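Working notes, beginning with the structure itself.
The chains referred to below are lettered A, B, ... by the order of the sequence lines, with proteins before strands, and numbering in each begins at 1. These figures come from a predicted structure and were not determined experimentally.
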Number of protein chains: 2
Amino acid sequence: MNNKKIIKQINQDWTDIYHHLHVVHQENISHQAVRALQFIEKSESVTVGDLSNHLKVSHNTASEHVKRLIKKGYIAKIRSTEDERKVFVVLIEKGHEVLNKHTRLDEQKLEILLEDLSADEIEKIESTFTLLSRSAKHVSDN
Amino acid sequence: MNNKKIIKQINQDWTDIYHHLHVVHQENISHQAVRALQFIEKSESVTVGDLSNHLKVSHNTASEHVKRLIKKGYIAKIRSTEDERKVFVVLIEKGHEVLNKHTRLDEQKLEILLEDLSADEIEKIESTFTLLSRSAKHVSDN
DNA sequence: AAGATTATATCGTATACTAAGATATAATTA
DNA sequence: TAATTATATCTTAGTATACGATATAATCTT
């Protein structure tokens, strides 16, 4: 029952995996911008106010983040029809692309990696990630 | 043999896991700073010049990154004894802490997650990460 | 309908980050 | 001794981040 040790090992592996397999990108994008894009991608619907809460910045700063991200072609605004004060923000294609490059593992490197593994090992990786992502959602829902 | 689909699924899970389990931090640290800290942590020894190559910035810019990171208490300089022109940079405690918060999964959330799993499932997760991190190192070595 | 509240946007201002060119310093190599 | 290498500093400049103050428009309250 020494989960602490296992957790440290998982984290060590997690960062090693990312370090070796992450996409090499050249886009100049700030840390806050990535956080904003991630939040927008993973949430059902996001308003400027939601973003302000999530990033823990003032409403005007959030509004400026949105302005910058639109200028870069990463997101778009959609005014709510129910309450026309509200503005929803959504990722558009370029935003998805940039976010993928910053958060995902490199598909080509993964492909090379999988080539050297057996079908059983691949199946094990796949089912482990399914299990972990399902459990992770569960944890954050409480 | 449809690895493409499996790869997409792994990536989807990967980002979901990170989204739900990452550490909630408040440090204001830039993207380049995280990249620099990551590179310093994962490499055997790093000079200012190595950093400049890795970040693809000029030597003077790399030198300024180092200056900023030292000012923030994240890294330290160690002048080489063999060649006294060279300066190695290393992570110090606060740098490790900040980097962990930005790249690792939250230990408490992981602990809650593991509590609901069986010993077999935990073992499966552990061995999968060991396998993946070993393979990842292999891929990046070519 | 008038006033209060809510959601977002904009302006002014300030600080920090990022980056490069030019230049300087010190150590090493030829 | 001269050339090269590694790093540091100075100047300059564009961008990012953030907030307070203020503005606008929609919605809610009375």
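- Atoms CG (A:Asp83) and P (D:dT24) sit 20 Å apart, rounded to a whole Å.
- Of the possible polar contacts, one joining the A:Ser135 side chain to the A:Leu131 backbone as a donor-acceptor pair under 3.5 Å is found.
- Atom CG in B:Leu55 sits roughly 14 Å away from atom P in D:dT7 (whole-Å rounding).
- If you find the closest nucleotide of DNA chain D to B:Lys77 and to A:Glu82, the one lying nearer the 5' end belongs to B:Lys77.
- Note on B:Ser30: a side-chain N or O is less than 4.0 Å away from OP1 or OP2 of C:dT18.
- Nearest to the side chain of B:Glu64, among C:dT18, C:dA20, D:dT7, sits C:dA20.
- Nucleic acid contact class of B:Lys71 (heavy atoms, under 4.0 Å, all strands): none.
- Side-chain contact annotation: A:Ser58 with A:Thr61, donor-acceptor N/O pair under 3.5 Å present.
- Whole-Å rounding puts the B:Arg35 CZ to C:dC17 P distance at 17 Å.
- With hydrogens and angles left out, the side-chain atoms of A:Ser133 and B:Asp16 include no donor and acceptor closer than 3.5 Å.
- B:Arg79 places a side-chain N or O within donor-acceptor distance of the main-chain N or O of B:Glu84, the cut-off being under 3.5 Å.
- Side-chain proximity of A:Val48 to D:dA16, C:dT8, C:dT23: nearest is C:dT8.
- Distances shown here put every side-chain N or O of B:Arg68 at or beyond 4.0 Å from the OP1 or OP2 atom of C:dA16.
- Between the P atom of C:dA9 and the CZ atom of A:Arg79 lies a distance of 7 Å, rounded to the nearest Å.
- At the heavy-atom level, B:Lys56 lies nowhere under 4.0 Å from the strands shown.
- With C:dA9, C:dA20, C:dT18 as the choices, the nucleotide that has an atom nearest any side-chain atom of B:His65 turns out to be C:dT18.
- The interatomic distance linking A:Phe88 (CZ) with C:dA9 (P) rounds to 13 Å, in whole Å.
- Between B:Thr47 and the phosphate of D:dT7, there is a side-chain N or O to OP1/OP2 separation shorter than 4.0 Å.
- Of the residues near DNA chain D, B:Thr61 and A:Asn28, the one whose nearest nucleotide (by heavy atom distance) lies more toward the 5' end is B:Thr61.
- A tilted orientation is assigned to the rings of B:Phe129 and A:Phe129, their planes being inclined by 30° to 60°.
- Remark: side-chain polar atoms of A:Asn100 are not paired, donor with acceptor, to backbone N or O of A:Glu97 under 3.5 angstrom.
- Taking atom NE2 of residue B:His31 and atom P of nucleotide D:dT17, one finds them 12 Å apart after rounding to whole Å.
- At the heavy-atom level, A:Ser63 lies under 4.0 Å from base atoms of the strands shown.
- Spacing between atom NE2 of A:His59 and atom P of C:dT10 amounts to 14 Å, rounded to whole angstrom units.
- Contacts of A:Asn60 with the nucleic acid, taken as non-hydrogen atoms under 4.0 Å apart, include base atoms.
- Within the structure, every side-chain polar atom (N or O) of B:Lys67 is placed at least 4.0 Å from both OP1 and OP2 of C:dC17.
- When distances are taken from the side chain of B:Lys86 to each of D:dT27, D:dC19, D:dA6, the shortest belongs to D:dA6.
- Side-chain atoms of A:Arg85 come within donor-acceptor range of the base of C:dT6, with a qualifying N/O pair under 3.5 Å.
- For the pair A:Ile78 CD1 and C:dA7 C1', the interatomic distance rounds to 17 Å; values are reported in whole Å.
- Between the side chain of A:Gln32 and the base of D:dA18, no donor-acceptor pair of N or O atoms lies under 3.5 Å.
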